[in-house]
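Take a look at the structure below.
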Amino acid sequence: MSKRVLDVTAYTTFDYLQGSAAGIDWENDGIMVLNVDSDEADGVVRLSTELDPMDQERTEQHADHVELFPDQARTLASKLREAADRVDMEVDDD
Amino acid sequence: MAHKKEDIKGELYGDEVREKLEEFAEKGWDSIPEDEREEWFTRFKFWGVFHQRSGQESYFMMRLTNCGGVLGPDQLRAIGQVAREYATGPIENPEFGNGYIDFTTRQSIQLHWINLEDVPEIWEKLEGVGVSSRSSGGDTMRNISGCPVAGKADEIIESRPILDEIQETIRGDDDLCNMPRKFNISVSGCRQGCAQDSINDIGLEPAWKLADGEKRKGFNVRVGGGLGGREPRRARPLDLFVPPEKAVETVREFVEYYHELGNRENRSNNRGRFFVDEHGTEKIRDDLDERLEFEFEPAGKDFRDEYTYNAGKPREEGPHDHVGVYEQRDGLNYVGLSVPVGRLTAKEAIALADLATEYGSGEVRLTRRQNPIIMDVPDEDIVPLLSEPLLEEHTPEPSPFVRGGQACTGTEFCSLALTETKVRLTRTLRWLRNNVDVPDDVSQIKIHYSGCTADCGQAMTADIGLQGMRARKDGEMVEALDVGIGGGIGEDPSFIEWVHQRVPADEVPGLLKQIIEAYVAHREGEQTFREWVEEMGVESIIDLTEPVETDYDDPCLHDAKQSWYPFADDESPAPTRPDGSPISADD
Ligand code: HEM
Ligand code: SF4
């Protein structure tokens with residue numbers, strides 16, 4: 001396991017998140033990098049994640065990318081906002 | 001559609017940028033309209049003037065160029081004097097104070113905390129002794145790298161005249177100033193492979209052919225190498241042998257070819273290495289063949305199996321760096337100093353220049369390991385030179401850790417960085433020297449540290465590679481490092497493999513101590529670190545080592561990602577006037 005696939009710099013969206021890779025009957029927990037960037041040439045927003053290489057025991061070292069058209073990216077943003085509000089509400093109730 | 005940067009460069013670039021810069025300098029920092037800053041900063045880079053990161057507004061880094069690491073008599077002194085006078089910031093570095101110079105891995109020198117207003121005066125002083133900052137940044141041909149002791153040490157082919165001609169006729173050509181991306185050229189003529197031609201956009205390396213029972217010497221051509229950033233590549237052979245007298249035109253043709261055909265739309269994949277991926281070596285060779293007059297010949301036999309520079313080979317097979325005293329072919333000697341993490345105070349730089357004049361010819365050369373070399377010292381002056389205080393501090397006989405240490409800029413000045421690098425590595429090397437014993441025959445353990453994955457510090461090809469990261473410790477975010485081992489270049493380059501990731505910075509020296517002690521306990525005979533890792537396998541080293549706190553005191557453990565300077569407690573005074581007084585918004 002060597003070089004990370006995703007660049008991790010001060011501009012990376014999140015350089016430290018909890019995450020996991022899972023199969024049917026296994027799960028690798030670990031620390032994950034998540035980045036959002038825009039590819040103007042292809043007209044898409046790219047969301048990328050990579051579990052730390054040393055936490056990838058079951059998989060070949062890799063990153064995942066998903067491409068979103070701008071309106072899809074906005075839908076995702078509003079879904080994230082709604083979900084975040086629900087979590088906050090829960091916390092406020094405690 | 002061309003990328004935005006192409007529009008900026010298309011409008012004005014190259015030598016014309018200088019006049020505009022001088023105009024702004026005359027009128028002061030405030031005269032650059034705020035909404036034009038980004039485009040001007042992009043252009044200034046061609047002239048080696050880089051705006052520092054956010055929180056350090058109005059301060060610039062200046063990168064100086066040379067060719068193959070050669071500084072003539074008086075050049076280093078002038079650079080040291082400029083650093084003393086102008087490279088002073090609003091805050092001191094805890095190890096290096098104020099006013100220092102950085103040697104880089106491309107054989108150049110960088111000065112920090114420069115005020116724009118001072119740039120014309122600095123140019124005047126440096127250019128007066130033949131030092132320039134032109135074409136040291138932006139989308140241009142960067143410092144042409146070559147063996148720093150070319151012309152003085154034993155070479156298979158004389159590379160100095162070729163380096164000089166490329167510098168003058170190709171890099172100096174304003175018509176070629178605007179490349180699709182930065183572009184690296186290297187020429188090596190020696191047996192050590194120290195110009196590291198395996199990692200450049202175009203590299204010439206010595207080779208030979210048998211013709212009529214005689215060995216004809218020339219170069220094999222490789223293209224499309226590059227470390228750092230996304231997807232590193234080794235340079236790929238074009239299966240092309242060129243005689244020395246055709247070397248310059250071959251390089252020129254490849255530069256023009258990339259200049260014409262390189263992608264100017266998408267900056268994420270237009271570096272030379274991707275260009276070579278896209279076109280393929282066969283097509284590139286055919287196209288060059290068509291464009292060049294002379295007859296192409298297939299590659300000759302190279303000398304790679306003899307390369308020793310950072311190749312992780314035992315010492316008796318040849319020098320692995322330029323640290324130490326070595327005989328030149330003219331009977332004089334060169335003395336390579338070891339400067340931890342490549343940083344000298346301005347005072348030391350001036351002292352070094354004085355020693356070079358007193359004991360040698362005044363010439364100082366720079367290696368790709370961030371170290372200076374004093375050239376042309378007669379035998380009888382070696383002992384007195386070695387007993388000078390500066391050489392006791394930056395000794396040609398350093399501990400293997402100090403000798404192998406190398407670090408990029410880090411959070412101090414780099415906006416991409418996740419961690420501080422130079423002060424931390426300086427202290428770590430000192431701690432290792434005082435806390436880890438290694439046998440005398442171990443002269444090299446190369447520890448390279450980069451503050452992020454862009455890997456300007458070449459962690460990927462170190463014995464022990466460190467990359468800046470962040471981690472959680474005792475409930476707080478802290479600066480952390482990914483730690484890997486077993487990289488190197490030479491005949492068969494390899495990248496490090498991780499042993500532990502996100503190690504909190506204060507636990508790294510303890511981990512390094514364990515790794516090095518395991519090496520010392522288990523190496524067979526005089527096995528080098530890299531040979532040992534290869535034999536032992538990384539898995540077993542992972543199992544038997546762990547990060548641990550020691551009495552090492554980390555300079556800036558707590559996450560300073562938002563801070564304007566890693567060692568600052570106060571607010572930033574920037575932007576400021578050249579005298580250091582803040583420019584407030586209501587002025
Ligand atoms: C933190 C790292 C390590 C330290 C400080 C360490 C230290 C030592 C020491 C002091 C000895 C006794 C050596 C002697 O008597 O000559 C030893 C023996 C040994 N170690 Fe380690 N070791 C480390 C890692 C490892 C690793 C990674 C392996 C295997 C993958 C390993 C395998 C062995 C074996 C097989 C012996 C017995 C060797 C013999 O008897 O010749 N050790 N170790
Ligand atoms: S490796 Fe990262 S932190 Fe270091 S100089 Fe390069 S970009 Fe900056």
Side-chain angles (χ1 to χ4, degrees), chain A residues 1-21 26-70 73 87 91 94, chain B residues 1-4 53-54 227-232 263 265-270 410-411 414-419 450-456 459-461 465 467-472 477-478 480 482-487 494-503 538-539 542 559-562:
Chain A
M1 276 153 301
S2 187
K3 201 169 166 60
R4 288 169 184 273
V5 180
L6 295 188
D7 273 336
V8 190
T9 71
Y11 296 121
T12 302
T13 311
F14 288 108
D15 55 38
Y16 188 102
L17 296 173
Q18 294 294 332
S20 66
W26 60 269
E27 181 162 2
N28 274 164
D29 284 342
I31 297 166
M32 202 171 247
V33 173
L34 183 152
N35 193 45
V36 176
D37 63 1
S38 56
D39 188 331
E40 288 85 351
D42 286 350
V44 292
V45 171
R46 192 170 289 118
L47 181 73
S48 307
T49 60
E50 181 180 4
L51 200 54
D52 273 7
M54 291 191 72
D55 292 336
Q56 299 192 30
E57 283 156 31
R58 294 288 297 251
T59 50
E60 199 54 41
Q61 188 191 335
H62 74 291
D64 294 300
H65 304 283
V66 55
E67 291 184 352
L68 302 162
F69 292 119
V87 173
V91 174
D94 280 350
Chain B
M1 194 184 74
H3 191 276
K4 185 173 75 185
R53 67 179 178 85
S54 71
L227 285 182
R230 246 161 18 86
E231 305 183 51
N263 183 336
E265 280 150 30
N266 189 345
R267 295 180 68 83
S268 66
N269 62 0
N270 69 346
T411 43
C414 174
S415 60
L416 272 73
L418 289 169
T419 67
S450 292
C452 78
T453 57
D455 204 28
C456 308
M460 279 292 141
T461 50
Q467 264 183 359
M469 201 47 59
R470 298 197 311 149
R472 199 166 271 287
M477 289 308 287
V478 294
D482 279 354
V483 179
I485 57 176
S494 62
F495 292 137
I496 53 168
E497 303 250 330
W498 303 120
V499 280
H500 293 278
Q501 294 193 285
R502 299 188 193 262
V503 180
V538 173
E539 287 303 319
I542 295 174
D559 186 29
K561 206 174 152 187
Q562 308 303 332

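Per chain, numbering begins at 1; letters A, B, ... match sequence-line order.
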Next item on the list: Before giving the answer on side-chain contact (heavy atoms from CB on, under 4.5 Å), spell out for B/Met469 and A/Tyr16 the whole-Å C-alpha distance, their side-chain angles and the decisive distance to 0.1 Å.
Entry: CA-CA 9 Å; B/Met469 201 47 59; A/Tyr16 188 102; over 6 Å; no
Checklist line | Candidate pair B/Gln501 and A/Ile31, rule side-chain contact (heavy atoms from CB on, under 4.5 Å), full reasoning | finding: CA-CA 10 Å; B/Gln501 294 193 285; A/Ile31 297 166; over 6 Å; no
Kindly give the heavy-atom pair with the smallest separation between [X] and [Y], and that separation in Å.
| X | Y | result |
| --- | --- | --- |
| A/Thr9 | B/Thr453 | CG2-OG1, 4.4 Å |
| B/Arg502 | A/Asp15 | NH1-O, 2.8 Å |
| B/Ser415 | A/Ala10 | O-CB, 3.3 Å |

Next item on the list: May I ask you to say whether B/Asp455 pairs ionically with A/Lys3, meaning some side-chain N is under 4.0 Å from a carboxylate O?
Entry: no
Check: With chain A, which of B/Ile542, B/Leu416, B/Val499 has the greatest number of heavy-atom pairs at distances under 4.5 Å?
Finding: B/Leu416
Next item on the list: Please determine, among B/Val538, B/Thr419, B/Asp482, the option with the most heavy-atom pairs under 4.5 Å with chain A.
Entry: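 The residue among B/Val538, B/Thr419, B/Asp482 with the greatest pair count is B/Asp482.
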Margin query: Test your reading of the model: is there a side-chain donor-acceptor pair from B/Trp498 to the backbone of A/Met54, 3.5 Å cut-off?
Written below: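 No; judged by distance alone, with no hydrogens or angles, the pair does not exist.
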Next item on the list: Could you list which of residues 42-53 of chain A have a heavy atom closer than 4.5 Å to any heavy atom of chain B, in residue-number order?
Entry: A/Asp52, A/Pro53
